[in-house]
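Excluded from the calculations below are hydrogen atoms, water molecules and symmetry mates; all remaining heavy atoms, backbone and side chain alike, are included. Note that this is a predicted model, so its numbers are computed, not measured. Proteins get letters first, then strands, A, B, ... in listed order; numbering begins at 1 in each.
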Number of protein chains: 2
Amino acid sequence: MTDPRIERSREVILRAAVQELAAVGYGGVTIESIAARAGVAKSTIYRHWPDKLALIADAFETFHERMVPDLGELSVLESVAVLLRHVAEVVVDSTFSRCIPALIEGAERDPRVREFHHRYSAERREALIDLIARGIREGEISADVDPELATSTLLGAIFYRRLMTASAFDPGQAGQLVDLVLSSAPAR
Amino acid sequence: MTDPRIERSREVILRAAVQELAAVGYGGVTIESIAARAGVAKSTIYRHWPDKLALIADAFETFHERMVPDLGELSVLESVAVLLRHVAEVVVDSTFSRCIPALIEGAERDPRVREFHHRYSAERREALIDLIARGIREGEISADVDPELATSTLLGAIFYRRLMTASAFDPGQAGQLVDLVLSSAPAR
DNA sequence: GCGCAGCGATACGTCAACGTTTCGTTCTGA
DNA sequence: TCAGAACGAAACGTTGACGTATCGCTGCGC
């Protein structure tokens, strides 16, 4: 059998790494601070990961929250609202949310960070694009709506408020947001 | 008179600081790299600013682009489209744009950065909120539209694409975006 | 219970950036 | 022209983080 201490160490270190990322940002993370938070010797970390980025990437891969909730038998518009509300709740306050600025900045400078930042972002986006496309096929949403643009618009509202302003998006506004963007009969 | 060398040094250093910020990010900026880029001795920088953050803040204050273009006698919807197109152009590609991730990350960790990040963001937002409110008063936009929410939505679409995805918002889509969000007659 | 592998503690060398200081040079205003 | 201010160049001490290495100890599998 494989030594259970290995898995236990890995887990506590990965968790500590995500918390550190959320707390001090991508540029601020330190192997030593992660070790301290995890209650682990620095050497133990270097036994499992070659360097800092590998650890951070691994940690994020392990602990990022999949922002796509289970949608039951709801209508498309209701599903979109539920999904957006869920995204908003995560974005407004969660460990993951506090990692986002770190990821954005990291993605700007490091191709490896960029790769998984965009990958996880795309995962959320595609769920929504598919949903809206279905809504159009089923006649619930106007065919004038571009699913891709609408998705950027819906998610954008939530992330914009979190990243660029002092007041976060209120998850209770999710329905109102859906109405604004999707329940429309374009004038032109 | 005051020595002209002072102003000349300040200017070339501030410009170099913004360029460095755009190039390597908030966490990556180095006094020495700024000095090198500016063609100036490190001691000269410390003669004018007490520390790194003071310099960065000053530089950004000096060189950030005001993303609010002059709007002539256009209709409200046309004005919004022009404004969004301008924002998109700046966000897609500009020195300022490359500073945004750095600002977001900086704002997350440092209250002073947060203060001016939010301030400049609010400047853009308020111009748009006022415009939309005017559109509602003049009957060009449905009274069901919440100007604040619509603004976050419009700007959000642009920033979201820049910060979270691999493909930036196409400024040519500005009109389509306005149609989607504002040219609506809500179904409910 | 034995041997080994994983761990904690700790010390170490390296490096990069900080911010300071010094000193000779050059530019400026009076 | 001349005193003083600003600057460039360079050296310096300090700090903090990196990543490495050593060495007992302890818990694991067999």
Side-chain angles (χ1 to χ4, degrees), chain A residues 1-60 62 99 102 105-106 108-110 112-113, chain B residues 1-60 62 99 102 105-106 108-110 112-113:
Chain A
M1 275 290 290
T2 158
D3 198 321
R5 285 173 294 182
I6 295 178
E7 200 46 45
R8 194 148 36 83
S9 290
R10 273 185 55 88
E11 199 169 320
V12 66
I13 290 167
L14 288 172
R15 177 168 285 116
V18 170
Q19 289 171 353
E20 273 295 303
L21 187 64
V24 302
Y26 185 75
V29 189
T30 288
I31 294 285
E32 257 148 9
S33 63
I34 294 175
R37 186 186 284 266
V40 141
K42 196 172 46 156
S43 49
T44 302
I45 292 180
Y46 282 106
R47 240 172 245 126
H48 295 298
W49 292 273
D51 57 23
K52 192 163 83 173
L53 184 74
L55 170 57
I56 297 291
D58 200 354
F60 190 78
T62 306
C99 292
E105 165 71 354
E108 195 72 11
R109 321 293 161 199
D110 190 309
R112 291 174 293 179
V113 177
Chain B
M1 273 290 290
T2 157
D3 197 321
R5 285 173 295 180
I6 295 179
E7 200 46 44
R8 196 148 36 84
S9 289
R10 275 185 53 88
E11 199 170 319
V12 64
I13 290 167
L14 288 173
R15 176 167 287 116
V18 170
Q19 289 171 353
E20 273 296 303
L21 186 64
V24 301
Y26 185 73
V29 189
T30 288
I31 294 286
E32 256 148 10
S33 65
I34 295 175
R37 188 186 284 266
V40 142
K42 196 171 45 155
S43 49
T44 302
I45 292 181
Y46 283 107
R47 241 172 242 128
H48 294 298
W49 293 273
D51 57 23
K52 192 164 82 174
L53 185 73
L55 169 57
I56 296 292
D58 201 353
F60 189 77
T62 305
C99 291
E105 164 72 353
E108 195 74 8
R109 322 290 161 200
D110 190 308
R112 290 175 292 181
V113 177

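Contact check, B/His48 against D/dC7: a side-chain N or O comes under 4.0 Å of OP1 or OP2. Phosphate contact (OP1/OP2 of D/dG8, side-chain N/O of B/Ser43, threshold under 4.0 Å): absent. When the side-chain nitrogen and oxygen atoms of A/Thr44 are compared with OP1 and OP2 of C/dC7, none of them lie within a distance under 4.0 Å. Between B/Ser9 and the phosphate of D/dC7, there is a side-chain N or O to OP1/OP2 separation shorter than 4.0 Å.
A straight line from CD of B/Glu7 to P of C/dT28 spans 14 Å, rounded to a whole angstrom. As a whole-Å value, the separation of B/Arg8 CZ from D/dA6 C1' is 10 Å. Following rounding to the nearest Å, B/Arg10 (CZ) and D/dA6 (C1') show an atom-to-atom distance of 15 Å. Taking atom CG of residue A/Asp51 and atom P of nucleotide D/dA17, one finds them 17 Å apart after rounding to whole Å. Spacing between atom CG of A/Asp3 and atom P of C/dC7 amounts to 7 Å, rounded to whole angstrom units.
Counting heavy atoms from C-beta on, the side chains of B/Tyr46 and B/Ile31 come closer than 4.5 Å.
Using a 4.0 Å heavy-atom criterion, one finds that B/Gly39 contacts the sugar-phosphate atoms exclusively.
Closest to the A/Tyr46 side chain, of the nucleotides D/dC28, C/dT20, D/dC18, is D/dC18. Proximity note for B/Arg47 (side chain, C-beta onward) versus C/dA17, D/dC18, D/dC7: the nearest is D/dC7. Comparing D/dG19, D/dA6, D/dG29 by their closest approach to the side chain of B/Ile6 singles out D/dA6. When each of D/dA6, C/dG6, D/dC18 is scored by its nearest atom to the side-chain atoms of A/Lys52, the top-ranked nucleotide is D/dC18.
Between the two ends of the helix from C/dG1-D/dC30 to C/dA30-D/dT1, each summarised by a five-pair axis, the helix axis turns through 30° (rounded to 10 degrees).
For A/Arg5 and C/dC7, a side-chain-to-base donor-acceptor distance below 3.5 Å is absent, hydrogens and geometry of angles not being considered. For a distance-only test at 3.5 Å, the side chain of A/Lys42 fails to qualify as a donor-acceptor partner of the base of C/dG8. With hydrogens and angles ignored, no donor-acceptor pair under 3.5 angstrom links the side chain of B/Thr30 to the base of C/dA16.
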